[in-house]
**Student:** 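Can you read through this structure? Questions will come right after.
Heavy atoms only: backbone and side chains are in, while hydrogens, waters and symmetry mates are out.
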Amino acid sequence: MHLSGDYTLAAAPEEVYRAMLAPEVLKACLPGCESLTEVGEDEYDAVMTIGIGMIKGRYGGHVKISDKQEPTNFTMLVEGKGPQGQIGGEGKITLAPSEDGGTHLTWEGEANVRGVLARIGGRVIQPAAKTIVNKFFGELNDRFAAQAAGATTA
């Protein structure tokens, strides 16, 4: 199943790149993230509680970052399983300067879904994935906005 999207963030690509690879930022911004534990260089185990449509429950997973080309792109490999099935996938995140001085981020990848999740198919998985991703980027953008507001009042 192909997934893709884009988002504009109010920070320079270098800042976005660093934030997206910082475990404490990822944990704070990922919806329902209970834990994010570094288990190796650019590798993490995560536990998340997700409640969107049929995708409800506590999910455990593994994330590996590869093909890093700072500050323009990286690849993220994800594996996870929970009460509704298993998911695995690979996605590429690309960062470029936006016209307003921020960052235009695009993401795309392929997901392999098994179990109940596979039976309910793309009509539920794709919107749920986009909701989770958009919540993540919204939280990340809120952090950048708060930092910018703090910098202008300091």
**Student:** If I take atom NZ from residue Lys64 and atom CD from residue Glu90, how far apart are they, to the nearest 0.5 angstrom?
**Tutor:**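 Lys64 NZ to Glu90 CD: 11.5 Å, rounded to 0.5 Å.
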
**Student:** Could you state the interatomic distance from CG (Leu21) to CG (Leu26), rounded to the nearest 0.5 Å?
**Tutor:**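 Rounded to the nearest 0.5 Å, the CG-CG separation comes out at 7.0 Å.
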
**Student:** What closest approach, in Å, do Pro23 and Leu36 show between heavy atoms, and which atom pair accounts for it?
**Tutor:** O-CD2, 3.4 Å

**Student:** Determine the minimum heavy-atom distance between Leu140 and Ala19, stating which atoms define it.
**Tutor:** CD1-CB, 4.0 Å

**Student:** List the steps and the verdict of side-chain contact (heavy atoms from CB on, under 4.5 Å) for Phe137 and Asn141.
**Tutor:** CA-CA 6 Å; Phe137 289 130; Asn141 204 40; over 6 Å; no

**Student:** Same cluster or not: are Phe74 and Tyr7 linked, directly or through other Ile, Leu, Val, Met, Phe, Trp or Tyr residues, by side-chain heavy atoms under 4.5 angstrom apart?
**Tutor:** yes

**Student:** Count the heavy atoms belonging to other residues, nucleotides or ligands that lie under 6.0 Å from CD of Gln86, then report whether that count exceeds 12.
**Tutor:** yes

**Student:** Where is the tightest heavy-atom contact between Ser35 and Lys27, given as atom of each residue plus distance?
**Tutor:** CA-CE, 3.8 Å

**Student:** Determine whether Leu105 and Phe144 fall in the same hydrophobic cluster, where Ile, Leu, Val, Met, Phe, Trp and Tyr are linked whenever their side-chain heavy atoms lie under 4.5 Å apart.
**Tutor:** yes

**Student:** Testing Met76, Glu41, Glu43 one by one against Ile65 for a side-chain contact (heavy atoms from CB on, under 4.5 Å), which residue passes?
**Tutor:** Met76

**Student:** Working to the nearest 0.5 angstrom, can you tell me the gap between Asp6 CG and Thr94 OG1?
**Tutor:** 11.5 Å

**Student:** side-chain hydrogen bond (donor to acceptor under 3.5 Å, both in side chains) between Glu34 and Thr49: does it pass, once the steps are laid out?
**Tutor:** CA-CA 7 Å; Glu34 296 175 19; Thr49 299; 2.2 Å; yes

**Student:** What pair of heavy atoms forms the shortest contact from Gln69 to Tyr17, and how long is it?
**Tutor:**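 Taking Gln69 first and Tyr17 second, the nearest heavy atoms are N-OH, 3.6 Å.
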
**Student:** Looking only at heavy atoms, what is the nearest atom pair of Lys130 and Trp107, with distance?
**Tutor:** CG-CH2, 4.2 Å

**Student:** Ignoring hydrogens, what is the shortest heavy-atom contact between Thr103 and Pro13? Give both atom names and the distance.
**Tutor:**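 Heavy atoms only, the tightest pair is OG1-N, 2.8 Å.
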
**Student:** Measure the NZ-OG distance between Lys92 and Ser4 for me, rounded to the nearest 0.5 Å.
**Tutor:**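 One gets 14.5 Å once the value is rounded to the nearest 0.5 Å.
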
**Student:** Flag the pair Met20 / Phe136 as yes when at least one side-chain heavy-atom distance between them is below 4.5 Å, and no otherwise.
**Tutor:**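 They are in side-chain contact.
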
**Student:** Apply side-chain contact (heavy atoms from CB on, under 4.5 Å) to Arg114 and Asn112, showing your working.
**Tutor:** CA-CA 7 Å; Arg114 299 172 298 284; Asn112 300 309; 4.2 Å; yes

**Student:** Supply the atom-to-atom distance Ser98 OG to His104 NE2, rounded to the nearest 0.5 angstrom.
**Tutor:** 8.5 Å

**Student:** Decide whether Leu77 and Ile132 are clustered together by the hydrophobic rule: side chain heavy atoms of Ile, Leu, Val, Met, Phe, Trp, Tyr closer than 4.5 Å, transitively.
**Tutor:**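 Leu77 and Ile132: separate clusters.
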
**Student:** Going from OG1 on Thr72 to CD1 on Ile93, what distance comes out if it is rounded to the nearest 0.5 angstrom?
**Tutor:** 12.0 Å

